[in-house]
Amino acid sequence: MLLEVKNIRVHYDKVEAVKGISLSADKGMISTLIGANGAGKSTTLRAISGLKKITSGEIWFDGQRIDGVAPHKIVGLGVAHVPEGRRLFGLMTVRHNLVAGAYLQNDKKLVEKTMDEVFEHFPVLKERQKQLAKTLSGGEQQMLAMGRALMARPKVILMDEPSLGLAPFMVIEIAKIIQQFKEIGFSVVLIEQNAVLALRLADSGYVLETGSIALEGPSKDLMKNEHVKKAYLGG
């Protein structure tokens, strides 16, 4: 198993936000976390990428325990995080944002090769590479955030609400790109408020409720579950 989260707990001061969550993701698989706002989904991703310290439990990646490891070192091991809200450098160009994603790479030829690969996935970024990131549309900014993650040459990509605030046609495009990531061989851990989209894309799913996993299993089974239908899929 490429990524394993084992019974992690996370606190914000005295408030326990994540209450013993365990999940896994293998190479070329998409796992999704669905649940209401405040269920602990984003905190779980932040714990995996080292941005939030866990209180207890273990996180393993590619055979190595990574909880307690510095975030930049986790990136170097092969974990990329596309955060909610994209978090781009708005006053930097598209190209410079992409270069920032490769800050751990010392091989300039490899960086250029990776950028060419990103441009193959996102042709619009090649067209707009000299534009400031803040001048892009919402969909283009999401593509840039995803492209920046790819510049780190990851093995697993953590994606937090990639369709948030996007027009329906752009949501479809983002979904196609996530599916392409799987076909290439990336592992994806996806948080998505659009539960129907998330479960259709994913191989397995976890339903989080108030910091705990209420249900888990193959996505196709979760889509048939009556509780999931009523609570997350609009009946």
Side-chain angles (χ1 to χ4, degrees), residues 30 32-33 37 41-43 45-46 48-52 71-72 74-76 78-184 186 188-198 200-201:
I30 300 176
T32 187
L33 310 180
N37 290 334
K41 304 184 303 296
S42 294
T43 298
L45 292 197
R46 288 173 59 82
I48 294 170
S49 61
L51 296 174
K52 181 62 181 174
H72 71 280
I74 293 176
V75 173
V79 179
H81 191 163
V82 183
E84 180 182 355
R86 299 152 198 152
R87 305 292 179 89
L88 300 173
F89 299 105
L91 296 177
M92 289 169 53
T93 65
V94 167
R95 187 177 185 88
H96 285 154
N97 269 272
L98 292 175
V99 170
Y103 75 103
L104 292 176
Q105 305 291 334
N106 296 317
D107 186 334
K108 291 184 178 181
K109 288 185 178 180
L110 182 60
V111 171
E112 287 301 319
K113 178 177 181 294
T114 306
M115 190 169 296
D116 288 340
E117 293 169 355
V118 169
F119 287 153
E120 287 180 16
H121 285 295
F122 308 105
V124 68
L125 297 184
K126 184 174 184 179
E127 297 172 8
R128 304 182 188 281
Q129 61 182 295
K130 295 183 179 180
Q131 284 186 219
L132 297 182
K134 69 175 186 178
T135 67
L136 301 179
S137 69
E140 291 165 349
Q141 288 186 15
Q142 186 60 55
M143 291 180 183
L144 179 54
M146 295 164 74
R148 182 177 61 184
L150 291 181
M151 291 296 296
R153 302 192 69 83
K155 297 176 184 176
V156 62
I157 304 174
L158 313 176
M159 303 193 68
D160 195 345
E161 301 286 8
S163 76
L164 186 65
L166 301 185
F169 78 92
M170 187 55 68
V171 172
I172 294 172
E173 289 303 310
I174 295 298
K176 289 178 181 177
I177 293 164
I178 294 171
Q179 186 63 38
Q180 289 174 11
F181 287 173
K182 173 185 173 180
E183 292 167 359
I184 292 169
F186 292 121
V188 178
V189 181
L190 172 67
I191 292 176
E192 179 55 64
Q193 283 289 345
N194 185 336
V196 174
L197 173 66
R200 284 178 176 170
L201 284 172

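- Val82 has its side chain within reach of Gln142: a pair of non-hydrogen atoms, C-beta onward, lies under 4.5 Å apart.
- Of the inter-residue distances, the one linking Leu158 atom CG with Leu33 atom CG reads 9.5 Å to the nearest 0.5 angstrom.
- To the nearest 0.5 Å, atom CD of residue Glu127 and atom CZ of residue Phe122 are 13.5 Å apart.
- Minimum heavy-atom separation, Phe89 to Ala100: CE1-CB, 4.2 Å.
- Between Ala133 and Leu144, the shortest heavy-atom contact is CB-CD2, 3.8 Å.
- Centroid-to-centroid, the aromatic rings of Phe181 and His121 come within less than 6.0 Å.
- For the pair Arg148/Leu88, a side-chain contact is recorded, criterion being any heavy-atom separation below 4.5 Å from C-beta on.
- Across all non-hydrogen atoms, the minimal contact from Gly139 to Leu166 is N-CD2, 3.5 Å.
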- Query: Given the rule in the side chain to side chain contact (heavy atoms under 4.5 Å, CB included) test, do Thr135 and Arg128 qualify, once you have shown the distances and angles that lead to the verdict?
  - Reply: CA-CA 10 Å; Thr135 67; Arg128 304 182 188 281; over 6 Å; no
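- When side chains are defined from C-beta on, Leu98 does not count as touching Val111, because their heavy atoms never get closer than 4.5 Å.
- The main-chain N or O of Arg95 is never found under 3.5 Å from a side-chain atom of Gln129 such that the two would form a donor-acceptor pair.
- Of the possible polar contacts, none joining the Thr114 side chain to the Met151 backbone as a donor-acceptor pair under 3.5 Å is found.
- Of all non-hydrogen atoms in Gly90 and Leu132, the two that sit nearest each other are O-CB, 3.7 Å.
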- Show the numbers, then the answer: is there a side chain to side chain contact (heavy atoms under 4.5 Å, CB included) between Lys126 and Val94? CA-CA 9 Å; Lys126 184 174 184 179; Val94 167; over 6 Å; no
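- Leu201 is not listed as a side-chain neighbour of Thr32, based on a closest heavy-atom distance of 4.5 Å or more.
- Distance check, rounded to the nearest 0.5 Å: CD1 of Ile177 to CD1 of Ile172 gives 12.0 Å.
- With Gln193 contributing its side chain and Glu161 its backbone, the two residues share no donor-acceptor pair below 3.5 Å.
- No donor-acceptor pair under 3.5 Å is formed between the side chain of Glu112 and the backbone N or O of Lys109.
- Counted by atom type alone, Glu192 and Ser163 present one or more donor-acceptor pairs between their side chains at under 3.5 Å.
- Here Ile48 contributes atom CD1 and Ile74 contributes atom CD1; the two are 9.5 Å apart, rounded to the nearest 0.5 Å.
- Residues Ala149 and Pro154 approach most closely at O-CD, 3.5 Å, considering heavy atoms.
- Applying the salt bridge (charged side-chain N to carboxylate O under 4.0 Å, His left out) test to residues at least two apart or on different chains, the pairs with a partner in residues 162-177 are Glu173-Lys176.
- The CD atom of Glu84 lies 8.0 Å from the CZ atom of Arg87; values are rounded to the nearest 0.5 Å.
- Arg46 has its side chain within reach of His81: a pair of non-hydrogen atoms, C-beta onward, lies under 4.5 Å apart.
- Within 6.0 Å of atom CG in Asn106, 12 or fewer heavy atoms from other residues, nucleotides or ligands are found, so the atom counts as exposed in its surroundings.
- Residue-environment remark: NZ (Lys182) exceeds the threshold of 12 foreign heavy atoms within 6.0 Å.
- In terms of heavy atoms, His72 sits closest to Leu104 at O-CD1, 3.2 Å.
- The shortest distance between side-chain heavy atoms of Glu117 and Arg153 falls below 4.5 Å.
- Between Met159 and Met146 there is a side-chain heavy-atom pair separated by less than 4.5 Å.
- Between the side chain of Asp160 and the backbone N or O of Ile191 there is no donor-acceptor pair closer than 3.5 Å.
- With rounding to the nearest 0.5 angstrom, the CE atom of Met115 is 10.0 Å from the CG atom of Leu125.
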